[in-house]
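Working notes, structure below.
Since the model is a prediction, treat every value here as computed from it, not as a measurement. Protein chains get the first letters and strands the later ones, always in sequence-line order, with residue 1 at the start of each.
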Amino acid sequence: MSNGGRSISVLNVAEKPSVAKSVATILSRNQGMRVREGRSRYNKIFEFNYSIRGQPCRMLVTSVTGHVMELDFDDRYRKWYSCDPAALFEAPVRKIVPQDKLDIKRTLEEESRRCQWLVLWLDCDREGENIAFEVIDICTAVNQRLTIKRARFSALIEREIHESVQNLVEPNQWFAHAVDARQEIDLRIGASFTRFQTMLLRDAFVIDSVGDDRNLVLSYGPCQFPTLGFVVERYWEVQSHEPEEFWAINCNHRSEEGLATFNWMRGHLFDYTCAVIIYEMCIQEPSATVTKVRQQEKYKYPPHPLNTIELEKRASRYFRMSSEHTMKVAEELYQAGFISYPRTETDSFSARTNLQAIVQEQLEHPVWGSYAQQLLDPGSGLWRNPSNGGHDDKAHPPIHPTKFSPGENNWSQDHHKLYELVVRHFLACVSQPAVGAETTVEIDIAGEQFAASGRVIIAKNYLDVYRFESWGGSVIPTYLPGQQFVPTTLTLDSGVTRPPPLLSEADLLSCMDKAGIGTDATMHDHIKKLLDRFYVTKDQNTRFSPTNLGEALVMGYDDMGYKLWKPNLRSMMEFDMKAVSEGSKSKTEVLQTCLQQMKACFIDARLNKEKLFEAMSVFFDRSNRSVREDQHGTGEVVRLCQLCNQSNMVLKQSRDGNFMVSCLGYPLCRNVVWLPGSVSEAAITSSVCNSCTPRPIHMIQFKFRRSEIPPNYNVDHLGCIGGCDDILRQLTEICGTGSRMPARGRGSTQSQSTAQTISRQQMCTNCRQTGHSLGDCPSVVSAASHSRTRRRSTHDGEASVPCSTCGASCTVRTANTANNRGRKFYSCQAQGCNFFVWADSLDSGTGGGGRRDSNGVSSRGRGRGSRGSTFVSVTGEPVTGRCFACGDPSHFANACPNRNA
DNA sequence: GCAAGGTC
């Protein structure tokens, strides 16, 4: 290695300026180091002398800022209308240095010209290895005689760095290839699908919810779409939840020492009769016997050391800060030297970290300084070595404070909050867990088991400093085994199951983390992208709902049968990338198979684009141009329009193949009857219906697609649209229609014509068909089991009754649970409001102010036998059951006026 | 105008 003692020049390149500085400081031992500017203002050059395995070296240490190059298509394919999007799966691509990286490139060129060696100090992960090859490409282009070496290090600490420079290795081509493949796949899939769906849908619909929709980009990406999928999936779960009533026996015992609440160990039962029988047994023999008293010491452990995802989740939970904003503030705190590098997967400290020194720095803080003092006092016993979260990216330590600050003048509230979180989290990590004494008492009443528990906190420990967490505890009276007592109350209470909550930002990050969508440094970007693209909205509680646009896109691909919105695609790609990085698959092989599959998928999606149209039509109006183009032929007359009484209604087929009978008075009259989606042919006959009026209403000869209707229906059918035809109605219900319903509530509807408003009033407000009203709607009466139908009917739901909790509107739906199958109920559509009421309880009420009172006990009591006077509590008071939510005995929880309070 | 990944 020696060249006769002559010094050689070595260009060292790190991934970011901070690493260049650390490496230079460590290697130079901070002696004789010179700093000079490079072409780029962020990336300085450090110079000093060093010796590698006896070879004297003039070391130049500089940096890049992440990737220097990006992948893009050749110019010919860059313009959106330059080619068929499918061609983007094969179009030539190349790596280019973007404008804002040109000065970094120039520094590398200039410095490498006069060096003999190039040592790569990029982060030791796949992306880092790929950046290393970008640097190699740039440097060897101007100096082909460079000797190229890779430094492998797992932490920026002295021993590691010195060891690594004395044991330089070869760069890992496999790692870099894995990233090359990832980049190319992301680009080709992203660009092709984005162009395809944007060009297809943007002009075809009035996407009024986004303001000016002319420049709208409907992007598709292998990370953003699965993220959207998580939001939509949960939203659907909430929408399709059908509340189910359940029953529980609760027992209270008040003594001189206080109150104990005993919970039924069966939890709750959905079978009312069964619950009543057990309850009656308890009431008849109400004496309770203590069967078990257990006392245990319990611990609540401090969190693991902080990594990026956890920082984002906690800042969202504790401060409602968006993950994107959190990372911006964290970056600023890092740049100013107050916290360590904020983009890290690592959640365990290396054994070599001097944790005490980090605590030491915080001693003078006015609020938590005294806690830090206690931590360092061996006598306090508060210290505990931090737990190991099991993740290590081998590049950065967990996020921790690096400099003391009582708060800086130029800090915003959020800087204060985030710094405080990082410090308190660190102090908590090196603290003992909280200790509690838990008492559990089990009793037996007539063979039924009940349990109560209480907790006393013995030592708060880390909870003293980690104010964001708490550990509730309540004291219960003392009980002895074998002791007997008579409960103060023993009640049969009702409750209803609730839907899961919408996804919070913390939930969403967890979903992404679990499925491997994005990296710690990019997850917040994907979430922000969904907001920027108008695919999702976030409410004040950081909970996400899809917009009509976001839901329509997912629905469209879902209806095609594609799981493009599921995380599987990314997981498969990730699996392949791993194979490439391990050398078990070649980059070419992975690119070839993956792109081939994705292209087939793309072609197929394009063939099935009607599914996207249909889904979009659920939420958005077709733009005028498209609608007119879409309906060809003037059609034959079926009847006189019963809405405007002026024009005829004619049979038409839309471009996407669906049949309808619509008024020729359009756009003044928008009366339309959509026919089942399973109709393949429809022709007007000269026969006239005998029962429907005003005559004549011509019968239509239908042909249905066999595969789309149940076996007990005929493919051929002579039908009538006047309202008498049950078969037509049933098939409409089963198959759905090709109808295009206007956007619901969220967007502006002010531009609708008067004619449309009038015609809407005469349609069924549930399914938008004419010929029947809401009460007779076939899709309400049946329990729709087909998920898409059900989803649609949810969206279709028109304001039917005002919600008595929040004043918004309720839609009518049908329960599909064991006890209430087929029973209609109204549920509130407002976000966050879970109000619902059974429709039959409204029917039986006297209307007006009497409605709410009749929701509960009385109407159900009539239905199932009188329940009101059967039970008597042990204290002699009559028990009729009570509301699970507020305790009021006048109603049950499903009718509770305060249930959302 | 399109992706996701680095980082400032």
Quiz item: If you look at every strand shown and take non-hydrogen atoms under 4.0 Å, does A:D123 touch a base, only sugar-phosphate, or nothing?
Solution: sugar-phosphate

Quiz item: With sugar-phosphate meaning primed atoms plus P, OP1 and OP2, does A:T65 contact a base, only sugar-phosphate, or nothing at under 4.0 Å between heavy atoms?
Solution: base

Quiz item: Looking at residues at least two apart in the chain, or sitting in another chain, which of them share a ring-ring contact (aromatic ring centres under 6.0 Å, His included) with A:Y341?
Solution: A:Y334, A:H396

Self-check item: Residues forming a side chain to side chain contact (heavy atoms under 4.5 Å, CB included) with A:R36, sequence neighbours excluded
Solution: A:R34, A:I45, A:E47, A:L60, A:E111, A:R114

Quiz item: Quick one: side chain to side chain contact (heavy atoms under 4.5 Å, CB included) partners of A:S340, sequence neighbours excluded?
Solution: A:I399, A:H400, A:T402

Quiz item: Reckon A:P17 touches a base, only the sugar-phosphate, or nothing at all at heavy-atom distances under 4.0 Å?
Solution: sugar-phosphate

Exercise. Go through the structure and list residues passing salt bridge (Lys or Arg N to Asp or Glu O under 4.0 Å) with A:E408, not counting sequence neighbours.
Key: none

Exercise. Looking at every strand, decide which applies to A:Y220 at a 4.0 Å heavy-atom threshold: base, sugar-phosphate, or nothing.
Key: sugar-phosphate

Quiz item: Quick one: on DNA chain B, does A:M523 or A:Q335 contact a more 5' nucleotide (nearest heavy atom)?
Solution: A:M523

Practice problem: For the residue pair A:E505 and A:S323, confirm or rule out a side-chain donor-acceptor distance under 3.5 Å. | Solution: yes

Exercise. Give A:K529 one of three labels, base, sugar-phosphate or nothing, depending on what nucleic acid heavy atoms sit under 4.0 Å from its own.
Key: sugar-phosphate

Practice problem: Answer yes or no: is there a donor N or O on one side and an acceptor on the other, between the side chain of A:E324 and the main chain of A:K528, under 3.5 Å? | Solution: no

Exercise. Would you classify A:G518 as touching base, sugar-phosphate or nothing, given that sugar-phosphate means primed atoms plus P, OP1 and OP2, and contacts are heavy atoms under 4.0 Å?
Key: sugar-phosphate

Practice problem: With sequence neighbours excluded, tell me which residues meet side chain to side chain contact (heavy atoms under 4.5 Å, CB included) with A:R39. | Solution: A:D103, A:R106, A:T107, A:E110

Self-check item: Close residues, residues 570-581 of chain A, relative to DNA chain B [heavy-atom separation under 4.0 Å]
Solution: A:R570

Quiz prompt | chain A footprint on DNA chain B, 5' to 3' - any atom under 4.0 Å from a heavy atom | solution = B:dG1 to B:dC8

Quiz item: Who are the salt bridge (Lys or Arg N to Asp or Glu O under 4.0 Å) partners of A:D186, not counting sequence neighbours?
Solution: A:R182, A:R570

Practice problem: Look at all strands and tell whether A:R533 reaches a base, only sugar-phosphate, or nothing, counting heavy atoms closer than 4.0 Å. | Solution: sugar-phosphate

Self-check item: Interface residues of residues 169-188 of chain A with DNA chain B (non-hydrogen, below 4.0 angstrom)
Solution: A:R182, A:Q183, A:D186, A:L187

Quiz prompt | Closest-nucleotide ordering on DNA chain B, the 5'-leading residue of A:L71 and A:Y341 | solution = A:L71

Quiz prompt | Results of ring-ring contact (aromatic ring centres under 6.0 Å, His included) for A:F602 - residues two or more places apart only | solution = A:F89, A:F193, A:F196

Exercise. Check side chain to side chain contact (heavy atoms under 4.5 Å, CB included) between A:E184 and all other residues, then give those that pass, not counting sequence neighbours.
Key: A:L71, A:V93, A:R188, A:L591, A:L595

Practice problem: For A:D72, report the nucleic acid contact type (base, sugar-phosphate, nothing); a contact means any heavy atom under 4.0 Å. | Solution: base

Quiz item: In chain order, what residues pass the side chain to side chain donor-acceptor pair (under 3.5 Å) check against A:Q99, with sequence neighbours excluded?
Solution: none

